[in-house]
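Working notes, structure below.
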Amino acid sequence: MTLSPTAPASRAAVGSATPPPVDRQRLEHLHHTVSGWFTAESRDLPWRDPDRTPWGVLVSEVMLQQTPVVRVLPVWHEWMERWPEPALLAAEPPGEAVRAWGRLGYPRRALRLHAAATVIAAEHGGRVPDTEEGLLALPGVGSYTAAAVAAFAFGRRATVVDTNIRRVHARLVGGEALPAPALTAAEQRRAAELLPEDAALSVAWNASTMELGALVCTARSPRCAECPVAADCAWRAAGEPPPSYTPKGQAWHGTDRQVRGAVMAVLRAAEHPVALELFTGPAPEPELVSETAPEPVPGPGAGLVSGPGGAVSRARSPHAMALARLHALRTGPEQLERAIAGLVADGLAVDDGGRLALP
DNA sequence: GACCCGTGGAT
DNA sequence: TATCCAAGGGT
């Protein structure tokens, strides 16, 4: 990426040829156009509300790591109602954060968010740090989250680089279908060069570029007909060349991750420490239950549920259902032990004398 | 840099 | 049904 005010606007070539440089005039056009699109088309998300707090922004950014907005929304509201300030979360056991995390996935994020709240309460007077450097020092906060919170919670000029922004940059000015599998130094440089100098404009650019990637310039089927800068897109000008690599899918069935997830579901549903024999022992007898029940609200035992044909049967407790789901995986004992040991090593579970529990 | 870490909707 | 993918971070 080059920024040369005097560079001629050469015609975009087809194939692997270098896309034309972005001169200052074109850059300002992009800033204005994409930000204008954001004003008209962006989603009305609660962590963008004027009443939001920096803590609310931080929680949203961590929850949104690798997790879609629609799944985050209800959990974020629950967290904000229960823990409107980081000190309130820090006052509870970390396991409560893991339990309230529900099915967002990657429960280590919940653990680190609790740890971050503890640091904020103990070392920052209960206030979220307002600089990238201060944010970066928090557990679970990496380069993306630090920049995002600095920009969106505090209005600072920070180079935000997430998967959406990477994809928009790759297409719009890079002429490529998709960014590289992993973030490169060249991408970070390009993002820094594209960022408006003015702080307020930079925040708008970060937010609008991210939103454009989420709603229009999507990974699978980009909605170019709705794109405000389609006419400026280097990828389209190049004839929409295909990705230069094929993503390798991540296996799931039979992996340790699947087993860890099933074990965590049992612990989240359990009100008391669970004997290890219940994980490794024989599966409980099958019963008529709804396998599509939502994430259980931890509560007392079994209730009645109406089954097929209006029949009423005794439903297993959420805990028993999670246990049944784990046993349905038919995991070998050594893999089960490995998964549990991993959870303990990560601090997601504690072995309380032969019983497993949330920390 | 490679690899690991959850979950569920969309295609 | 199988694969892809989603506001990444840590080791």
Side-chain angles (χ1 to χ4, degrees), chain A residues 42-43 45-48 56-76 98 101-113 115-116 135-153 158-168 178-185 188 191 206-215 217-222 243 245-268 292 294-295 322 325-326 329 338-339 342-343 345-349:
Chain A
S42 65
R43 293 167 292 182
L45 300 173
W47 43 86
R48 290 174 179 162
V57 174
L58 175 59
V59 171
S60 79
E61 292 300 344
V62 175
M63 287 183 172
L64 287 163
Q65 291 168 6
Q66 302 286 282
T67 305
V69 167
V70 288
R71 288 224 300 279
V72 165
L73 280 170
V75 182
W76 183 86
V98 175
W101 198 251
R103 295 183 170 185
L104 288 183
Y106 291 143
R108 297 192 291 194
R109 293 182 293 164
L111 222 46
R112 291 179 178 138
L113 199 42
L135 288 159
L136 204 49
L138 297 175
V141 175
S143 58
Y144 161 75
T145 303
V149 174
F152 303 141
T159 305
V160 180
V161 183
D162 80 318
T163 187
N164 290 306
I165 291 175
R166 293 182 62 207
R167 189 171 54 249
V168 170
L178 293 174
L183 178 62
T184 66
Q188 301 185 61
N206 282 324
S208 58
T209 308
M210 196 179 316
E211 190 77 342
L212 187 68
L215 298 183
C217 196
T218 54
R220 289 262 192 112
S221 305
Y245 70 98
T246 57
K248 56 172 182 178
Q250 39 186 319
W252 173 248
H253 290 284
T255 63
D256 286 5
R257 290 168 85 172
Q258 186 184 30
V259 179
R260 287 172 56 121
V263 170
M264 287 303 298
V266 173
L267 296 183
R268 285 198 305 268
T292 59
E295 178 79 355
R325 239 179 292 130
L326 171 62
L329 298 180
R338 188 167 64 243
L343 291 174
D346 285 350
L348 285 165

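Computed from a predicted model, the values in this text were never measured in an experiment. Each chain gets a letter, A, B and so on, in the order its sequence line appears, and its residues count up from 1.
In this structure, of B:dC5, C:dA7, C:dG9, it is C:dA7 that holds the atom nearest to the side chain of A:Met210. With C:dA6, C:dA7, C:dG9 as the candidates, the nucleotide lying closest to the side chain of A:Ala214 is C:dA7. When distances are taken from the side chain of A:Arg112 to each of C:dG10, B:dG6, C:dA7, the shortest belongs to C:dG10. Out of B:dA10, C:dA7, B:dT7, the shortest distance to the side chain of A:Arg220 is found at B:dA10. Ranking B:dG8, C:dA7, C:dA6 by closeness to the A:Trp47 side chain, first place goes to C:dA7. In this structure, the nucleotide among C:dG8, C:dA7, B:dG8 sitting nearest to the side chain of A:Leu45 is C:dA7.
Distance CD (A:Gln66) to P (B:dC5): 14 Å, rounded to an integer number of Å. Put simply, OH on A:Tyr106 is 10 Å from P on C:dG8, counting in whole angstrom units. We find that CG of A:Leu135 is positioned 21 Å from P of C:dA7, with the value rounded to whole Å. The CH2 atom of A:Trp101 sits 18 Å away from the P atom of B:dC5 (whole-angstrom rounding). Straight-line distance from the CG atom of A:Asp162 to the C1' atom of C:dG9: 14 Å, rounded to whole Å. Between the P atom of C:dC4 and the CD atom of A:Gln250 lies a distance of 9 Å, rounded to the nearest Å. One interatomic measurement links the two molecules: CG of A:Leu73 to P of B:dG8, which rounds to 16 Å at whole-angstrom precision. Nucleotide B:dT7 holds its P atom 13 Å from the NE2 atom of A:His253, rounded to whole Å.
No side-chain donor-acceptor contact under 3.5 Å links A:Arg108 to the backbone of A:Gly347. Looking only at distances, a side-chain donor or acceptor of A:Gln258 sits under 3.5 Å from a matching main-chain atom of A:Gly254. Proximity of a side-chain donor or acceptor of A:Arg166 to a complementary backbone N or O of A:Ala180 within less than 3.5 Å is detected. Of the possible donor and acceptor atoms, none in the side chain of A:Asp162 sits under 3.5 Å from a partner among the backbone N and O of A:Tyr144. Between the side chain of A:Arg48 and the main chain of A:Arg43, a donor-acceptor pair closer than 3.5 Å is present.
Residue A:Gly105 is classed as a base contact, given a heavy-atom separation below 4.0 Å to a base. Within the 4.0 angstrom heavy-atom criterion, base atoms lie near A:Arg71. A:Leu104 comes within contact range of at least one nucleobase, with a heavy-atom separation under 4.0 Å. Note on A:Val141: only backbone sugar-phosphate atoms sit closer than 4.0 angstrom, heavy atoms only; bases stay farther off. At a threshold of 4.0 angstrom between heavy atoms, the contacts of A:Gln258 with the nucleic acid are absent.
Proximity of A:Thr159 to A:Gln188: side-chain heavy atoms (C-beta onward) are nowhere separated by under 4.5 Å. Between A:Phe152 and A:Asn206, some side-chain heavy-atom pair lies under the 4.5 Å cut-off.
Distance check: A:Leu267 CG to A:Leu343 CG gives 7.5 Å after rounding to the nearest 0.5 Å.
A close approach under 4.0 Å does occur between a side-chain nitrogen or oxygen of A:Arg103 and OP1 or OP2 of B:dG8. For the OP1/OP2 pair of C:dA6 and a distance below 4.0 Å, the side-chain nitrogens and oxygens of A:Arg167 include at least one atom meeting the criterion.
Ranked by how close their nearest DNA chain B nucleotide is to the 5' end, A:Ser221 and A:Gly261 are led by A:Gly261. Nearer the 5' end of DNA chain C, as judged by each residue's closest nucleotide, is the contact made by A:Arg48, out of A:Pro139 and A:Arg48.
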Test side chain to side chain contact (heavy atoms under 4.5 Å, CB included) on A:Leu64 and A:Val69 and set out the steps. CA-CA 7 Å; A:Leu64 287 163; A:Val69 167; 3.7 Å; yes
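For C:dA7 and B:dT11, the P atoms lie 14 Å apart once the distance is rounded to whole Å.
Remark: nothing in residues 143-151 of chain A comes within less than 4.0 Å of DNA chain B through any heavy atom.
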